Structure formats: structure tokens, C-alpha cells
Amino acid sequence: MAAPRKFPIPAAPPVPVLAAAGDLRRDQDLTARELRLLLDLTHDLAGHPERYRDSLRGSYLALLFEKPSLRTRLTFELAIAQLGGGSVYTTGPIGEREPVKDVARNLERWVQGIVARTFTQQTVDDLAHWSSVPVINALSDLYHPCQAFADIAVLERHFHRLEGLKLAFIGDGNNVAHSLMISAARLGVHFAIANPPGYDPRPEIVAEARKLAAHGAKIALTHDAEEAVRSADAVYTDVWASMGQEHEAFQRNVHFESYRVDEALMKKAARNAVFMHCLPAKRGQETTDAVMESRHSVVFDQAEYRLHAQKALLLMLLPASGANS
Ligand code: CP
Ligand code: NVA
């Protein structure tokens, strides 16, 4: 495998140079130090994108998407282009026309990194197992780490700290909830989730998040939305039926009816709480137009930070120059 990238060290804040080469299959693939470095780099990239121009000249990404995307696809394409590289995109099932292990061993001959949005986490893991270039999870059934990294950076920029904040997630115990739970807890952010019975986060992921939690961060599970948002600094929600679950939408709409983040629920949170959503949002279901457009809403900051955070991730994971180009 090519040597880990040595990226420019930002003047402020100072960050250590780490050898973070590897895969990003799930949030916990980054060590705690690498996660901290990723956030520092993200903030620096947001403030000084020009410092990193051409840092990845000659590097190419393959974007393999089994599901639709606006933010993730476009921000990866823009990120690599603004760093001086390029990307190619395909959509459709991975591993149907030929085995995943063959796809992986084709791609590693052409590109310096693979970004994959998949139905199953197993596909991401298999791509990572069979390719020698870094594989980045762009959303699977279990995780959405790129989303969580950007969201945590938005929280840090907004509150100028992370430790001791409380993030409440109202809705399905899904991929976004899992990634937020892990990354938030590792950085000392208390995490509370309120979901309808039967839509709990995976117990093994909750257990892992609790194990990785730092600085006294607590993870609380409840079925009571008001209890979860009490004194929360951030209230987060996501669609009730994720991509691939559309056939369950009718029954989910019934089960989730009392888990809508509306203005009344936002009033139960801390006075200056922010409202967060990974987008796309279904106004009138998991949240309302009024909350989306309110002074609390930071949803478009989150979308913006997808670009900065993914640039940081690429700088950390991709080799210094395109080895195959
Ligand atoms: N939040 C997010 O991942 O959006 P897309 O599905 O549009 O990529
Ligand atoms: N949980 C949602 C997130 C979309 C960005 C999904 O998987 O469809």
C-alpha cells in the first residue's frame, strides 16, 4: 500500500501529523486521536480551503452508489476536485454482475480510494477486505460515519466545545443514530435517543459506543421523546423509513407519529438548542416546515460541513500522490 499522506499542517489550531492510512468502514475505524485530528482539519479546511488546493493532485476516487444521494455524492466529487484530483461514479447493485471481491480488485488498479454507499455493511467490509486502497463508507444499513463527522464539527463550531453537550436523537435507531452515538460519545457528548418500541438501535452498537465513550459521556435509551430532549443542546432527527425501507413506510408513519420534532418538542430542549437533520427531510413527518426554517435549524451548516469533513478524511486516508496515475 502507498505511504500515508503527509498533509500541510494548519497554522491554527496546531494538529499532530498522524499516519491514519486505512479504511473508514465505520466510525470506530478512526482512533480517538485521529478523530480529533479529523475535526481540527475539518475546521481548518472550512476556514482556509486554499491551503489545501492541489494537495491530492493525481488522486482519483471511485464512487459506487447502490442508493440515491445528493449531499454525499456531490460533496465527495467536489472535495476531491477541489483538492486537485478527480472521481468516477457508478450506480447499481455491487456484487451482482460480478463478485464484490472482483470489483474491489479491478478498482484498486485504477483509483486511490473507493467510496461506497451500500445496502449492507457486509458489502463495505468485503470491498475493504479485497482492495488495497482505502474504502470509505458513504452510508450502509448500519453506519453513516461521514455524516456524523460533519455533524460533530458543526456542533463544535456552534458551541465552541463538545465535552458536556447533550445531543438528543428522536426517531429510528438507524445508521445515522448509530454513527452519531459512537462519534459523539467518544468526544464527550452525552447522547440520548428516543425511538418507538421495536425501533431500537442495535444493542451491540450501543454496547460499543458505551465502551468507547470518553470524558464521562452517557448514552441514554428511552421511548419518551420529551425525556430525551430535556436540557438537550441539539435535537436531531432523520427520516422514519430509510432508503430500502420504503415498503414499511405506512406502518412506520403510524408507529412514529408521536416522535415528530415540532416546535412544541423543541421548546422542551435547552433554550439555545440547535435543530439538526442529515437531510433529505420529510416535512410533516419526522419534523415540520416551521422547525426546519426556524432560528434553531443548522441543517444547511451540516450540509456545508459534509464538504469540509470529507476533504479532511481524504487528506488523512489517501496516499500523497496518485500511485497509479
Ligand atoms: N445526508 C446525506 O447523506 O444525504 P444524501 O443521501 O443526499 O447523500
Ligand atoms: N437514514 C437515512 C439517511 C439518509 C441520508 C437512510 O439511510 O436513508
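Side chains are part of it too, since the values below use all heavy atoms of this structure and drop only hydrogens, waters and symmetry mates. Not measured: the values here are computed from a predicted model. The first residue of the sequence shown is numbered 1, and numbering continues consecutively from there. Every number for a ligand or one of its atoms is a count from 1 in the order of the listing.
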Please report which non-hydrogen protein atom sits nearest to [atom], along with the residue it belongs to and the distance in Å to one decimal place.
| atom | result |
| --- | --- |
| atom 4 (O) of ligand 1 | R71 NE, 2.8 Å |
| atom 8 (O) of ligand 2 | M243 N, 2.8 Å |
| atom 4 (C) of ligand 2 | L139 CD1, 3.9 Å |
| atom 3 (C) of ligand 2 | D238 OD2, 3.6 Å |

Just wondering, do S59 and L83 contact through their side chains at under 4.5 Å, heavy atoms?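 A side-chain contact is absent here, since even the closest heavy-atom pair is not under 4.5 Å.
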
With heavy-atom distances below 4.5 Å as the criterion, would you say the side chains of T72 and H144 are in contact?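 Result yes, sub-4.5 Å side-chain heavy-atom pair found.
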
Determine the interplanar angle of the Y236 and F169 rings, folded into 0 to 90°, and report it as parallel if under 30°, tilted if 30 to 60°, perpendicular if over 60°. parallel

I need the atoms of ligand 1 closer than 4.0 Å to a non-hydrogen atom of [X], numbered in the order shown.
| X | answer |
| --- | --- |
| L70 | 5 (P), 7 (O), 8 (O) |
| R117 | 3 (O), 5 (P), 6 (O), 8 (O) |
| S69 | 5 (P), 6 (O), 7 (O), 8 (O) |
| H144 | 2 (C), 3 (O) |
| C278 | 1 (N) |
| R306 | 1 (N), 2 (C), 3 (O) |

Check: [X] N/O within less than 3.5 Å of ligand 2 N/O:
| X | value |
| --- | --- |
| K67 | no |
| P280 | no |
| R117 | no |
| N175 | yes |

For D262 and T288, run side-chain hydrogen bond (donor to acceptor under 3.5 Å, both in side chains): C-alpha distance rounded to whole Å, both residues' side-chain angles, the deciding distance at 0.1 Å, then the answer. CA-CA 6 Å; D262 56 15; T288 63; over 6 Å; no

Answer yes if the side chains of T237 and E286 hold a donor-acceptor pair under 3.5 Å, and no otherwise.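 Absent: no donor and acceptor within the cut-off.
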
Any side-chain donor paired with an acceptor under 3.5 Å for Q121 and S140? yes

Count the heavy atoms belonging to other residues, nucleotides or ligands that lie under 6.0 Å from CZ of R161, then report whether that count exceeds 12. yes

Got a sec: does the NZ of K268 have more than 12 other heavy atoms crowding it under 6.0 Å?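 12 or below, so no.
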
Heavy atoms only: which of T72, V176, L279 is nearest to atom 1 (N) of ligand 1?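 The option holding the nearest heavy atom is L279.
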
Just jot down the ligand 2 atoms closer than 4.0 angstrom to any heavy atom of L279, in number order.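 What qualifies from ligand 2 is 5 (C).
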
Take Q251 and H255 through the side-chain hydrogen bond (donor to acceptor under 3.5 Å, both in side chains) test and state the conclusion after the steps. CA-CA 6 Å; Q251 78 195 51; H255 295 157; 5.0 Å; no

Has the side chain of E77 got a donor or acceptor atom that lies under 3.5 Å from a matching backbone atom of S87? no

Close N or O approach (M243, ligand 1; < 3.5 Å):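 So ligand 1 has no N or O lying under 3.5 Å from an N or O of M243.
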
Distance under 6.0 Å and angle within 45° of ring axis: R73 vs Y89: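 Judged by the rule (NZ or CZ under 6.0 Å from the ring centre, within 45° of its axis), R73 counts as positioned above Y89.
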
